[in-house]
Protein chains: 2
Amino acid sequence: MDTKKYHHGDLKNTLIQAGVEILSEEGVGGLSLRKVAQRAGVSHNAPYFHFADKQALIAAISTEGYRILYEQLVMIRETYKADPRRQLVEAAFMYLRFAQTSPAHFKVTFSNAVEREEAYPDLVAMADNLIGELIQIVDACQKAGILHPAPAGAMAVSVWSAVHGFTSLYIDGQSMHDRLKVAPVDQLLIFTLNQFTVADWSEDHFPLPE
Amino acid sequence: MDTKKYHHGDLKNTLIQAGVEILSEEGVGGLSLRKVAQRAGVSHNAPYFHFADKQALIAAISTEGYRILYEQLVMIRETYKADPRRQLVEAAFMYLRFAQTSPAHFKVTFSNAVEREEAYPDLVAMADNLIGELIQIVDACQKAGILHPAPAGAMAVSVWSAVHGFTSLYIDGQSMHDRLKVAPVDQLLIFTLNQFTVADWSEDHFPLPE
DNA sequence: TTATTATCTTGACGTTGTCAATATTATAGT
DNA sequence: ACTATAATATTGACAACGTCAAGATAATAA
C-alpha cells in the first residue's frame, strides 16, 4: 500500500509472496527468513525493516491465508446470492481445496505459529472478516430453513469446526481417511455437512459440487 | 522396553519425557534436540543413538500424545460401559481438556510436524488404536439410537472432525470463540455434539459432564 | 580375556534468527 | 539547490541449532 517505491519498491509484499512460494515448494520446514530474503533478491537482514522478527513474517503469511479464504467466500456469496445451501457447500469445498492445493500455507495460516495474536491487528482483522462472511452464510441457511435456528454464531462455530477439523485431519497425512477408506473425501465432507441439516439424515441435502 | 540398562538406563523414554516437559514449559518453539539432551543429562549428540533425527523424536512425542488419548478413551469406555451417550460426551471433553492442559503437546501430536507418517510404524499403530476406540464408541451410540445409523467409520470421521476442529480452533488463540463470545466453550462443545444426534436439535441430548 | 557391539562424548560444520555498525537512498526543510 | 533527517539496505558478527565424524567407554559375546 503505502510501503513502496523506496530502494526496492514493495519489498514487504515481495517477501510475503516469496514466503508463500517457499511454503508451496519446500513445506513448512523450509521456511526461513534468510531464504525469503534471498528469493526476494535482498540481503539476509533486509526483512527486518518490514518485519520485527520471523513471527511477524509468519503472521503476515497467515493473514494472507485468511485473505484468500475471505475473498473466495465473498465471491461465493455473490455468485450464489439466492442459494444459501449452495453457498455453504461451495464454501466447505473451497476450504478443502485450498488446504489440498496449498497444505503448507493452510497449516501456517491456522497452526498458531503465531503465539500472541493480539500483537498482529491485521491478522485479527482479516480473521474477523472471514468469520463475518461465515456467519452471513450460516444465517442465510438458517433463514432458508436449511440449518437449525440456533444463534448464528454458535452454529457458525460448529459448522466451521467440522469443516476445519475435517480438512486438518485430512491433510495431516490423511491419518484417518487413508486408514478407514470408508468413502472418497468429497463424499465424506458432504456427509459431514449433512449432519447439520434440519431434515432427516438419510437424504442428501447438500449435493456434490461440479 | 528393551532399550534399557546401558550407560544411562532408559534414555529413549527419558528423552521423550523431557521433550514433553519442554513443550509444556516453553511451547512448540522451545523444543530442540540439544535442550532435550541437556535436560536428560546427556551430551548434545546422545539422542542420535535413539532417534534418527529431530523428526523421529517428534514422531515419538506425537505417538505419546496418541497413547494418552487412547488410554483415556479405553478408561472412559470401561467406566461408562452401559452408557454410550456418556462415553461420547466424556470422550469429547477429555479431548478438549487434553488440548487445554497441554496445548503444545496437542499441537505436536496432530500438527504433522511429521511429514512421512509411514516411516514411523509405532505412530501409525497408536493412531489406529485411537481410531478403533473412537469407532467403538460411535458404533455403540448408533446401536443405542443416539447417532444416525450410517457406516460407523463415516460417522466417526464426522464426529472426530467436529471435536478436533473445535478443539484446534479453540487453542489456536481462541480465534473464533474470543471474538464471538456466543457461549462458554463447554456449552459450545455440547452444542456441536448435539448436531450429530438423531432427535430434534432443540433438546440437549448430551449433558455437560461434572 | 579378548573381540565386538551398543552407547555416549567431543569436536566440527553449515544454517538459522537476530543484533550492531555502516552505507545508501529518498524525503523534508530551508 | 543543498543540507539534514529519516527510511531502507548491506555487511559482519554471535549464539543456538541439526547433524556428521571420530573417538571413548561400557556392556555383551566369544
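Numbered from 1 within each chain, the chains take letters A, B, ... in sequence-line order. Only heavy atoms go into these numbers, but all of them, side chains included; no hydrogens, no water, no symmetry mates.
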Exercise. Calculate, to the nearest 0.5 Å, the distance between atoms CG and CD1 belonging to D83(B) and I146(B) respectively.
Key: 7.0 Å
Quiz item: How long is the line joining CG of D10(B) and C1' of dC8(C), in whole Å?
Solution: 15 Å
Quiz prompt | Ion pair R39(A)/E25(A), N-O distance below 4.0 Å | solution = yes
Quiz item: Which word best sums up how the rings of Y170(B) and F166(B) line up, parallel for under 30°, tilted for 30 to 60°, or perpendicular for over 60°?
Solution: parallel
Quiz item: Rounded to the nearest Å, what distance is computed from the CG atom of residue L11(A) to the P atom of nucleotide dT25(C)?
Solution: 16 Å
Quiz item: When every nucleotide of nucleotides 11-20 of chain C is labelled 5' to 3' by its protein contacts under 4.0 Å (heavy atoms), B for base, S for sugar-phosphate only, - for none, what sequence of letters results?
Solution: BB---BBBBB
Quiz item: With distance as the sole test, does Q195(A) use its side chain to make a donor-acceptor pair with the main-chain N or O of F196(B) at under 3.5 Å?
Solution: no
Quiz item: Residues in ring-ring contact (aromatic ring centres under 6.0 Å, His included) with H105(A), at least two apart?
Solution: F98(A)
Quiz item: When you check the phosphate oxygens OP1 and OP2 of dA6(C), does a side-chain N or O of H50(B) lie under 4.0 Å from one of them?
Solution: no
Exercise. Give a yes or no on whether Q38(A) atom CD has more than 12 heavy-atom contacts from other residues, nucleotides or ligands under 6.0 Å away.
Key: no
Quiz item: Can you tell me how far C1' of dT11(D) sits from CZ of F49(A), to the nearest Å?
Solution: 12 Å
Self-check item: Separation of dA7(D) C1' from F51(A) CZ (nearest whole Å)
Solution: 16 Å
Exercise. Write down the distance between NZ (K12(A)) and C1' (dA7(D)), rounded to a whole number of angstrom.
Key: 14 Å
